[in-house]
Amino acid sequence: MTEHAFREALAQGTGRPFLALQSQSSEPYREIILDACLRNRVYDPSCESERAPYLYELIQLTGEPAFYRGALLAALRTATDSQSNDQQQQLQLACEFARHGDAEARRVTYDADFSIRAMFSH
């Protein structure tokens, strides 16, 4: 899959990026995936679902979740606007890591200046 096709499929939230990562290296798509994690590209949040669970599962297929986790937590540590769509998505993705037992991700989400406790009640 070309990088352009991967980027488009990822933006649409389809299963094609998952299929690509199951059959080839994630290395050519590393920056595309990282950008999708740090920037909320949802066109209409009122009718599109959260991307965090989708992105979390995709990250697991890359074979290098620590890379994405590190960049994500670094972004949250320097977050300044809890109302931005980007930071809300970052927070939701960090919560996915926390839900799967990542103590540092949980600590970073609590340390961030956000109202997130309700997200852990699921």
Side-chain angles (χ1 to χ4, degrees):
M1 176 181 282
T2 67
E3 290 178 26
H4 178 74
F6 188 91
R7 184 184 325 268
E8 283 186 352
L10 187 58
Q12 295 167 354
T14 70
R16 292 180 57 215
F18 288 87
L19 295 174
L21 294 184
Q22 289 173 351
S23 63
Q24 62 191 79
S25 169
S26 65
E27 206 282 321
Y29 312 119
R30 191 178 211 210
E31 293 304 315
I32 296 168
I33 297 168
L34 180 59
D35 181 69
C37 293
L38 299 179
R39 312 265 183 286
N40 187 336
R41 303 289 186 197
V42 170
Y43 179 73
D44 186 354
S46 67
C47 66
E48 291 186 51
S49 62
E50 292 178 3
R51 290 280 173 99
Y54 172 87
L55 292 169
Y56 179 82
E57 293 303 321
L58 189 70
I59 288 169
Q60 300 315 303
L61 284 176
T62 67
E64 52 180 354
F67 167 76
Y68 298 98
R69 176 192 163 278
L72 173 68
L73 297 183
L76 276 174
R77 285 185 183 107
T78 60
T80 58
D81 180 7
S82 65
Q83 299 305 311
S84 84
N85 289 336
D86 291 345
Q87 290 177 356
Q88 290 298 316
Q89 178 176 286
Q90 293 166 12
L91 180 62
Q92 291 164 356
L93 188 51
C95 286
E96 287 296 319
F97 277 96
R99 284 187 189 111
H100 288 89
D102 188 320
E104 184 181 4
R106 181 178 214 112
R107 190 170 38 259
V108 169
T109 58
Y110 279 120
D111 289 346
D113 187 25
F114 299 111
S115 299
I116 54 107
R117 297 193 189 275
M119 295 179 78
F120 285 99
S121 64
H122 295 339

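The residues of the chain are indexed from 1 along the displayed sequence.
One distance of note links CD of Gln90 with CZ of Arg77; it measures 12.5 Å at 0.5 Å rounding. One finds the CD1 atom of Ile32 at 10.5 Å from the CD atom of Glu8 (value rounded to the nearest 0.5 Å). Atom CD of residue Glu64 and atom CD1 of residue Ile33 lie 8.0 Å apart, to the nearest 0.5 angstrom. Here the straight-line distance linking atom CD of Glu50 with atom CG of Leu55 works out to 11.0 Å at 0.5 Å rounding. Distance check: Gln89 CD to Cys95 SG gives 12.5 Å after rounding to the nearest 0.5 Å. Met1 contributes atom CE, which lies 6.5 Å from atom OH of Tyr29 (distance to the nearest 0.5 angstrom).
Here the closest heavy-atom approach between residue Pro17 and residue Ala9 is recorded as CD-CB, 3.7 Å. The shortest heavy-atom contact between Arg51 and Gly13 is NH2-N, 4.0 Å. Between Tyr54 and Thr14, the shortest heavy-atom contact is OH-O, 2.7 Å. Heavy atoms only, all atoms of each residue included: Gly63 and Pro65 are closest at C-CD, 3.4 Å.
Using a 4.5 Å heavy-atom cutoff, the side chains of Glu3 and Glu31 are not in contact. With a 4.5 Å cut-off on side-chain heavy atoms, Asp86 and Leu38 do not count as touching. No side-chain heavy atom of Leu93 sits under 4.5 Å from any side-chain heavy atom of Arg69. Contact annotation: the side chain of Tyr56 never approaches that of Cys37 to less than 4.5 Å [non-hydrogen atoms, C-beta and beyond].
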(request) Take Leu10 and Leu58 through the side-chain contact (heavy atoms from CB on, under 4.5 Å) test and state the conclusion after the steps. (result) CA-CA 10 Å; Leu10 187 58; Leu58 189 70; 3.5 Å; yes
(request) Output, in order, the C-alpha distance, side-chain angles, deciding distance and verdict of side-chain contact (heavy atoms from CB on, under 4.5 Å) for Thr2 and Arg7. (result) CA-CA 9 Å; Thr2 67; Arg7 184 184 325 268; over 6 Å; no
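Annotation: cation-pi pair Arg16/Phe6 absent, no NZ/CZ under 6.0 Å from the ring centroid and within 45° of its normal.
Using a 4.0 Å cut-off between a side-chain N of Lys or Arg and a carboxylate O of Asp or Glu, Arg99 and Glu96 qualify as a salt bridge.
In the hydrophobic clustering of this structure, Leu19 does not group with Leu21; members are Ile, Leu, Val, Met, Phe, Trp, Tyr whose side-chain heavy atoms approach within less than 4.5 Å, directly or through other members. In terms of hydrophobic clustering, with Ile, Leu, Val, Met, Phe, Trp and Tyr side chains grouped at heavy-atom distances under 4.5 Å, Ile59 and Val108 are assigned to different clusters.
With ring centers used as reference points, Phe97 lies 6.0 Å or more from Tyr68.
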